[in-house]
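This report concerns only the one structure given below.
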There are 2 protein chains.
Amino acid sequence: MALVSDGMTYAPKGKAAPVVKPGEFVFAVIGLYHGHIAGMCNGLIEAGAVLKTYYDPNPKYMENFAKNFPNVKPAGSENEILNDREIILVAGAAKTDERCALGLRVMEAGKDYFTDKAPLTTLEQLARAREAVQKTGKKYAVYYSERIHVESAVFAGRLVEQGAIGRPIQVIGFGPHRLGAPGRPDWFFIKKHYGGILCDIGCHNIEQILFYTGAKDGKVVRSQVANYAHPEYPELEDFGDCEIVLDNNASGYFRVDWFTPDGLQTWGDGRLFILGTEGYIEQRKYVNVGLKGSGGGHVFLANGKEETYYHVEGKAGFPFFGQLVLDCLNRTENAMSQEHAFKAAELSLIAERDAVVLEAAK
Amino acid sequence: MALVSDGMTYAPKGKAAPVVKPGEFVFAVIGLYHGHIAGMCNGLIEAGAVLKTYYDPNPKYMENFAKNFPNVKPAGSENEILNDREIILVAGAAKTDERCALGLRVMEAGKDYFTDKAPLTTLEQLARAREAVQKTGKKYAVYYSERIHVESAVFAGRLVEQGAIGRPIQVIGFGPHRLGAPGRPDWFFIKKHYGGILCDIGCHNIEQILFYTGAKDGKVVRSQVANYAHPEYPELEDFGDCEIVLDNNASGYFRVDWFTPDGLQTWGDGRLFILGTEGYIEQRKYVNVGLKGSGGGHVFLANGKEETYYHVEGKAGFPFFGQLVLDCLNRTENAMSQEHAFKAAELSLIAERDAVVLEAAK
């Protein structure tokens with residue numbers, strides 16, 4: 001898999017902030033289809049976890065991973081990992097439609113599972129995953145990177161928690177991505193495998209809408225997908241949007257697309273706007289567009305008292321990973337509740353299932 | 001009417017760019033309910049039009065207007081203006097639900113009409129306005145200021161026209177406004193008078209969605225309103241949003257609200273995002289949030305070739321007004337077609353009529 005500048009290589013490094021002693025939390029990797037796996041490992045390792053080994057049936061993926069983690073010994077098979085009683089958690093970035101099946105095997109083997117998003121591609125898979133969590137008592141944790149591994153998102157969460165904008169009443173998210181088609185594997189363009197755009201990258205935004213509004217559930221009231229400009233990939237959805245009304249009567253809207261132009265300095269101008277009764281917050285996650293070399297981590301706050309720009313890159317940290325490690329050890333849910341992780345997936349699958357297809361240009 | 005920092009006092013001045021000789025185009029004003037009237041007059045005067053006189057039954061409004069236009073003689077009655085054969089066009093900012101009736105009188109009197117937005121408040125009024133245009137052959141032009149009197153919007157229109165972002169496939173607009181409730185007249189809070197938030201300020205965004213996508217018509221597929229935080233004004237809608245699918249299969253979404261916080265340096269952080277198949281444009285119309293003293297006119301373009309920030313304040317101009325003057329003289333439609341102006345109003349009224357009401361916080 002060629003590396004493409006599209007977010008597949010988004011693997012931020014934070015400061016080491018170990019929550020355990022060396023060797024107290026050992027994990028392994030199965031499934032290297034998506035470059036997110038490097039970010040997932042970075043986060044866990046910074047939290048003090050030890051990556052013991054990794055496996056994928058594809059030797060090319062194994063080679064690539066070895067370059068990033070040269071001191072870790074590859075495993076010879078998936079079973080070698082599943083049978084290793086020292087391993088507490090398996091992190092994985094399998095092909096999207098195989099993530100659930102892998103998770104079921106991992107949980108059956110008595111380990112917690114931490115999968116790249118989207119965590120699954122059908123409501124049937126979701127039902128099986130929920131059942132398995134009930135039956136095994138294990139975790140099916142999800143790497144919703146656009147919130148948990150983005151410093152502006154972490155910082156914005158703290159502002160909201162502190163009451164900086166009153167009660168959040170609406171969230172708007174933009175999730176543009178660069179397509180970089182030549183660097184993509186074939187499965188990327190087959191809807192059965194990637195799940196559709198609202199599943200694949202829309203779940204990030206739904207997770208954020210639930211999180212920032214503090215809602216437990218919501219109703220998809222409108223969703224749309226289109227292939228506006230890529231007839232050569234008939235199953236690609238290059239555009240999608242969705243509106244959700246939450247159970248607390250706040251609402252959320254987001255757009256996702258594969259139209260990031262080549263002239264932009266990074267893979268996507270991801271934004272998130274949180275409107276509250278007493279102010280609002282904007283995140284420019286990966287770039288402050290129009291400013292060369294701006295990097296990420298831009299947060300703007302306006303409320304009754306102030307209008308402030310915060311540049312939080314390197315400052316906000318990524319507390320999710322340490323919380324996840326401790327959640328696994330203590331059987332708590334501080335990083336993210338299981339139901340929240342599943343609900344974001346569920347709503348994204350409903351949005352995808354019910355989406356109105358907009359035809360290409362008339 | 002106290003002046004409030006909310007956009008009511010938004011009356012930009014451009015460069016004089018007369019399209020007619022002195023005295024060739026004479027206009028008058030009837031209806032001074034909204035401060036937009038100053039901007040409407042500025043625009044016409046910069047285009048070479050002569051403001052002959054003005055009238056409103058409310059002496060306080062007459063006094064306020066006289067301060068801005070001290071050299072113009074007030075009229076003694078509406079009829080004095082309607083009967084003045086020198087006057088070609090009447091500009092007006094009547095109470096919103098009275099704008100149509102005024103327009104009918106103006107057109108019946110053989111003059112073109114130029115009204116503040118929203119141009120009317122019911123579909124019945126719209127039908128009558130359409131009929132009157134047919135019958136009289138006169139114009140019912142609308143001051144959709146958020147596009148025609150905003151330099152970033154004018155400049156963005158040129159970029160789109162030049163093909164800078166390929167085919168526009170989606171427009172997202174934010175129209176936040178500061179409430180400044182103590183400075184508002186009573187009628188402002190009565191829905192029958194202001195028409196609802198999607199009518200009152202939503203029409204700006206619908207006009208822009210139609211304009212930038214180049215669509216002639218559209219279908220409202222979802223709209224919502226709420227009074228989240230102002231129970232003391234039960235008929236105020238402090239939040240609204242709307243999604244539209246255009247007749248060319250592009251789409252648009254916008255949010256409008258009355259939640260601009262006091263800490264923000266201006267009355268609203270108006271934005272407009274245009275996504276094209278080959279790039280995107282963002283407008284930050286009135287402020288570059290987080291930058292003190294930033295003023296307005298910020299346009300950001302990213303496409304296959306470049307990522308560029310344009311600061312267009314004082315540079316893009318306002319061609320609408322000169323075009324309108326010439327349209328009236330030549331019976332052309334270069335400033336804005338009658339059908340476009342009506343269609344934006346129609347869709348905003350449909351959005352308002354069909355809006356789902358979100359209850360305040362659970």
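To find a chain, count down the sequence lines: A is the first, B the second, and so on, and within it residues start at 1.
- For an aromatic pair to be called close, the ring centres must be under 6.0 Å apart, and A:Trp258 with A:Phe188 satisfies this.
- By the 30° and 60° cut-offs, the orientation of the rings of B:Tyr253 relative to A:Tyr253 is parallel.
- A salt bridge links B:Glu237 to B:Lys191: one of the charged nitrogens lies within less than 4.0 Å of a carboxylate oxygen.
- The parts of B:Gln265 that come within reach of chain A are both its backbone and its side chain, each placing non-hydrogen atoms under 4.5 angstrom from that chain.
- Counting heavy-atom pairs under 4.5 Å between each of A:Val221, A:Thr308, A:Asp269 and chain B puts A:Val221 at the top.
- Comparing A:Glu243, A:Gln224, A:Lys305 by heavy-atom pairs within less than 4.5 Å of chain B, the highest count is held by A:Glu243.
- Counting heavy atoms from C-beta outward, A:Phe239 and A:Val256 have side chains that stay 4.5 Å or more apart.
- Interface remark: of the candidates B:Gly279, B:Gly263, B:Gly290, B:Gly263 forms the most heavy-atom pairs closer than 4.5 Å to chain A.
- Of all the listed residues (A:Ile165, A:Val245, A:Asp262, A:Leu264), the one sharing the greatest number of non-hydrogen pairs under 4.5 Å with chain B is A:Leu264.
- Between chain B and the options A:Leu358, A:Val356, A:Ile172, A:Asp257, the largest number of non-hydrogen pairs under 4.5 Å is found for A:Ile172.
- Ranking A:Phe273, A:Phe300, A:Tyr309 against chain B, the residue ahead of the rest is A:Phe273, based on heavy-atom pairs under 4.5 Å.
- Counting heavy-atom pairs under 4.5 Å between each of B:His230, B:Glu282, B:Glu278, B:Arg255 and chain A puts B:Arg255 at the top.
- Under the 6.0 Å cut-off for aromatic ring centres, B:Phe155 and B:Tyr310 qualify, their centroids lying closer than that.
- Contact count versus chain B (heavy atoms, under 4.5 Å) is highest, among A:Val289, A:Leu291, A:Leu301, for A:Val289.
- Taking the side chain as every heavy atom from C-beta outward, B:Phe254 and B:Cys242 approach each other to under 4.5 Å.
- When heavy atoms are compared at a cutoff of 4.5 Å, B:Ser251 approaches chain A by way of both its backbone and its side chain.
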